[in-house]
Structure formats: C-alpha cells, structure tokens
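For reference, the structure discussed in these notes is given below.
Note: hydrogens, waters and symmetry copies are ignored here, and every other heavy atom, side chains too, is used.
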There are 2 protein chains.
Amino acid sequence: MERYQPCCKEEEEFLRNYNPGQFPSIAVTVDAVIFGISRDSAENYRKLDKQSLKVLLVKRTDYPYKDYYSLPGGFVLEGETFEESLQRTLENKTGLKNAYSEQLYTFDGVHRDPRMRVISCSYISLLDTRKARIKDAVWVELEEVSKLAMAFDHSFLIAEAVKRLRGKLQYTDIVFHMMPEEFTISELQSVYEIILGEKLLAAAFRRTIANKLEDTGKMTSNAGHRPSRIFRYKGREC
Amino acid sequence: MERYQPCCKEEEEFLRNYNPGQFPSIAVTVDAVIFGISRDSAENYRKLDKQSLKVLLVKRTDYPYKDYYSLPGGFVLEGETFEESLQRTLENKTGLKNAYSEQLYTFDGVHRDPRMRVISCSYISLLDTRKARIKDAVWVELEEVSKLAMAFDHSFLIAEAVKRLRGKLQYTDIVFHMMPEEFTISELQSVYEIILGEKLLAAAFRRTIANKLEDTGKMTSNAGHRPSRIFRYKGREC
DNA sequence: TATTGTTATTAACAAATTGATAATAACAGG
DNA sequence: CCTGTTATTATCAATTTGTTAATAACAATA
C-alpha cells in the first residue's frame, strides 16, 4: 500500500495530535503450526507405517505455562509484519528461510493468556523435514499432542490447523510444499495417506494426480523390486 | 477455555508483577464484509438480470480517509471478543442480531492506518437482504466498489472476501445463509449465478442441489407460467 | 376453447470421472 | 529361472457431469 497522504492542513493537524491511547491496545503473537512428515531414515523413507504427521513444538521455559509445550511463535515486534515475525521464529527453530506458510486464524479469546489480552494470529507452515535443522524444538506426532500438557489454547489451535490442512489437500496443490523437488508417485501418495489418515487406491490416485506431474526421466534404483519413475511438480514455482 | 490457574506462589507473584508494557501494543479493528443479494422489488425478485451481489459500506465522517467509503467495523473494545465487536456493528448497521459470519483474514500491514499500528481482523457476513433494516450505510454493487474512493486497504479486503465467498460456495452450504427459509430451486440457482457471475445449466444444478433440499409441499402461484415447487434447506440449523 | 409465451421439471444420452480389481512389468536375490 | 515385492497399466462397472430436448403447468389472449 502506498503511503497515506493527508488531504489538507486540517487532517495533518488531526494526525499530529492523535492520541493512540484512546483505544484499547492488545498484544499480538504470531504462532506457527509447523507440519512435517517424518522420514526418519533412508530405509523407512518409503514405508508408510513408519511415517507420521508431526508438528513442531517447543517447551516453555517461563511463566505462564512454564514447562508446558507450546507452538513456536512470539510477540509481534514494533513495526513488524506478521510474516516477518513468523519467518523470524521459523528460521530460529528450523533454520529454514522460506517455508511455505499461510494464515490460519486469529484467536481472540479474552482470557487466552493470564498476563493480559493477547490475541494469536496463527499460521500453518509446511516443510520438507529433511531440509529442516531443528533447534530448541521437537517434532511431535499428531496423536501424541493430546497426551501432552499444552500451553494456552494451542491444543485446539493445532486441531483446527489439521482440519484446514486436510481440507486444502483436497482442492489445492499445497501438498507439494512438503515434498522434495523430485519424488515418486508412491511417495506422494503416502504423504496424502499420512495426512488424511486413510489408505488411498493407487490406480485412482495416479490417474488424478498425474496431470500435475512432469516426468524427470529418472528412475529409482536398487530397490529389490520394480523401479519407480521420478516426477516433479509441474505447477507454478513451489 | 477454563480460567488459568497459577501453579505455585512463584507464578502467582510473576503474574502480579507482570508489566504488559514490555511488548508493543497494537490497536485492533474488526471489519465486516457484509454481503447481500439485492432483490429490490417483488417484481424483480426472480429476474436475475435485475439482481446483483452487494456489499454494505459506510461513508467515513472523520479523519483519516474522511468522506471515503469503508467497511462497517470499529475498534475492539476492552474485554470484547471479535465476535462481540462484530455483532455490535452488524446490529448497528443492519438491525440483525445473528447474521452468519466467519472470519476471513487478519490484515497486518504496518501502515494500513496513518494514525498508528492498526490491524484489521476481517469477517464475512451473509444475510438475506430483505430481513435487514439498513441504517447509516448503503448497499453497493460489487462492480461499483472499484469506482469508489475506498478507505484503508478495504478495496483489497473486499476483493479477497469475494474470492473466499466464491470458493466456499462450491464446497459448503454457505449459500443458504443468504436465502429465506423457503425458496424455489430457480431462486437458489440465481443466487449462485449472481455470486459466481456466470450462468449455470438448470438440469445439472437441480440434480446436484436436490439432495440438500426438502420439499415443503407448497407451490408458487399466479406467475403466468408453470408454478414452482417451494423447498427448504434440509441441513443443520441455518 | 385453442393458442401463445413463459418458466419449471424431467428425460435421455453422451462424455467424463471415479471405484475397484486384475493383469502385467521390472527389479534383487536365491 | 523362480520368488517376493512394488510399480504401472488395463479393464470394466458405477457414478457423476454436460448437454439438449421433451414435457408440464400456468396466465393471458385470440
């Protein structure tokens, strides 16, 4: 947006004398639900039952909710956009500078935080776990989250994020943000299955996804079974 | 959310002495993109080309952006949730207490407002125009919006809202919030057409929508042509 | 009363998309 | 060459769409 220009002396005066204190001020945090698919080791890489959808959590070191788990995030600083704030924590925890992110929802409960009125603008971030270098944070399986002591309303927040992720999987190409540049259709299918939590039929899956993919000409090798074609996402920059 | 309980004396102390001023405070507005379909008169009620998608706008009376058009909305007050703030403006401008609303997006540009840092949590509201009693606001046709001088980033905000509305029309039952209790399939189709901005084929439309509807047994009458069955939405409370 | 204009509703059929199962292909290792 | 395993294609039924045409029901009017 271009910089605002006052229309006249009077407005200039108005703005100069404006008292920001007349409206309640609210602290704002940006919290990130960072999703990754664990691919622990090379051997397990293609074994669906060894993989799972995970979220990145940090353990709080201060009050309130000391020692509880929470989403990575923090207060929006002076003159900082939400995206900037988000990228700051993202880089801090994962070492990644440009993971795909989108705004999820702004949580506004009056007593979310016992200190003061704090609203949380939450984001979903998707990344290829193998590119991330995690620091001061842990990957937690989705099913484990409900077993942990979670700070604030972050447990609910994660649940909402999962719903959104599952929904968007169906009608967007969002999944490719969690994939490496090149992958096989089976790998892609397993990512869908892990996120949706259900098995898909291979024949139908291939048919519908095929037109979004581009053959690299390469094949997997040394697998003890028929090798697989390797594809890349055909869509826009990813 | 239940009220937070400090875990120990130390935390109690911490909270008592907490200084909220250490983090930047941001003013928050809630702005509503209120959609309605104009059905100006009884005669035009079923004539598609006489109807259009409209948004409710107000003319600003103060600086900044004095005399510009803007979305109805305002600052979130002390201890007020976004929904409460929204309902306040909604009732104020339309007389309606419970129009369907959902959060759209939180706009966070640092210089959105020349007075100070103000973020806008925006909502989409859908209503049946015939139930609304508009006060201090005007219905503006969507195409006219771009011709008006709009305050802040509200022009962009409206564009985003329209995208969301069109998208959600396809995979949710959101449309019924703009319909009266009882309606004909042709009326429903015309609402889809107005929002999407394109004609739909009647046969296909009926087929796909039919299973969401329940026949009231009533018919339209006195129309000069074959009368129409009157339906209601079968889904959950609406 | 038969005809005309108009909108509603159903029918009918082709085209495209899905669901589901089976067949075939390609590899490593014995 | 046979076995176990995963990849990929083929096949066919079932379902859903796109499209056009037929039929129905009314008011007004000839």
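- Screening residues 206-228 of chain A for ring pair (Phe, Tyr, Trp, His ring centres under 6.0 Å) gives no qualifying pairs among residues at least two apart or on separate chains.
- If you check every strand for non-hydrogen atoms under 4.0 Å, B/Thr208 touches sugar and phosphate atoms only.
- Set against D/dT17, D/dA10, D/dT11, the side chain of B/Arg207 has D/dT17 as its closest nucleotide.
- Remark: A/Lys218 engages A/Glu182 in a salt bridge (charged side-chain N to carboxylate O under 4.0 Å, His left out) (not counting sequence neighbours).
- OP1 or OP2 of C/dT7 has not a single side-chain nitrogen or oxygen of B/Ser186 nearer than 4.0 Å.
- Counting to the nearest Å, the C1' atom of D/dT8 and the CG atom of A/Leu188 are 15 Å from each other.
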Distance-only criterion, 3.5 Å: show the donor-acceptor pairs between side-chain atoms of residues 99-108 of chain A and protein atoms not counting sequence neighbours.
unit_1	atom_1	unit_2	atom_2	d
A/Tyr100	OH	A/Glu102	OE1	2.4
A/Ser101	OG	A/Ala99	O	3.3
A/Ser101	OG	A/Ser125	OG	2.9
A/Glu102	OE1	A/Lys168	NZ	3.3
A/Glu102	OE2	A/Lys168	NZ	3.2
A/Gln103	OE1	A/Tyr123	OH	3.3
A/Thr106	OG1	B/Thr106	OG1	2.5
A/Asp108	OD2	B/Phe82	N	2.6

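- Summary of helix geometry: the two end axes of the helix from C/dT1-D/dA30 to C/dG30-D/dC1, each defined by five base pairs via their C1' atoms, are inclined to each other by 30° (rounded to 10°).
- Between A/Leu201 atom CG and D/dT6 atom P there is a gap of 17 Å when expressed in whole angstrom units.
- Listed by chain and number, the residues in a salt bridge (charged side-chain N to carboxylate O under 4.0 Å, His left out) with A/Arg229 are A/Asp215 (sequence neighbours excluded).
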Restricting both atoms to N or O, compile the protein contacts to nucleotides 25-28 of chain C shorter than 3.5 Å, with distance only.
unit_1	atom_1	unit_2	atom_2	d
C/dA25	O4'	A/Arg226	NH1	3.3
C/dA25	N3	A/Arg226	NH1	3.3
C/dA26	N3	A/Arg226	N	2.9
C/dC27	O2	A/Gly224	O	3.1
C/dC27	O2	A/His225	N	3.2

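- A/Arg88 is linked by a salt bridge (charged side-chain N to carboxylate O under 4.0 Å, His left out) to A/Glu80, counting only residues two or more places apart in sequence or in another chain.
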Can you check nucleotides 1-3 of chain C for protein contacts, nitrogen or oxygen pairs under 3.5 Å, and list what you find?
none

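- The NZ-P distance, from B/Lys199 to C/dT7, rounds to 10 Å in whole Å.
- Each salt bridge (Lys or Arg N to Asp or Glu O under 4.0 Å) pair with one or both residues in residues 134-145 of chain A, not counting sequence neighbours, appears once here: A/Glu144-A/Lys147.
- Contacts classified as side chain to side chain donor-acceptor pair (under 3.5 Å) and involving residues 200-211 of chain A (residues at least two apart or in different chains) are not found.
- For the pair A/Ile209 CD1 and C/dT17 P, the computed distance is 15 Å after rounding to whole Å.
- With sequence neighbours excluded, the residues that form a salt bridge (charged side-chain N to carboxylate O under 4.0 Å, His left out) with B/Glu160 are B/Lys163.
- Residue-level contact check: B/Arg229 touches the backbone only, with heavy atoms under 4.0 Å from sugar-phosphate atoms and none from bases.
- The ring pair (Phe, Tyr, Trp, His ring centres under 6.0 Å) check on B/Tyr69 picks up nothing, with sequence neighbours excluded.
- Interatomic distance, CD of B/Gln189 versus CD1 of B/Ile194, reported as 11.0 Å (0.5 Å rounding).
- Under the 4.0 Å criterion applied to side-chain N and carboxylate O atoms, A/Arg232 and A/Glu181 are not assigned as salt-bridge partners.
- For B/Ser221 and D/dC26, the shortest distance from a side-chain N or O to OP1 or OP2 is not below 4.0 Å.
- Separating the CG atom of A/Leu213 from the C1' atom of D/dT8 is a distance of 14 Å, rounded to the nearest angstrom.
- Remark: P of C/dG19 and CZ of A/Arg206 are 16 Å apart, rounded to the nearest angstrom.
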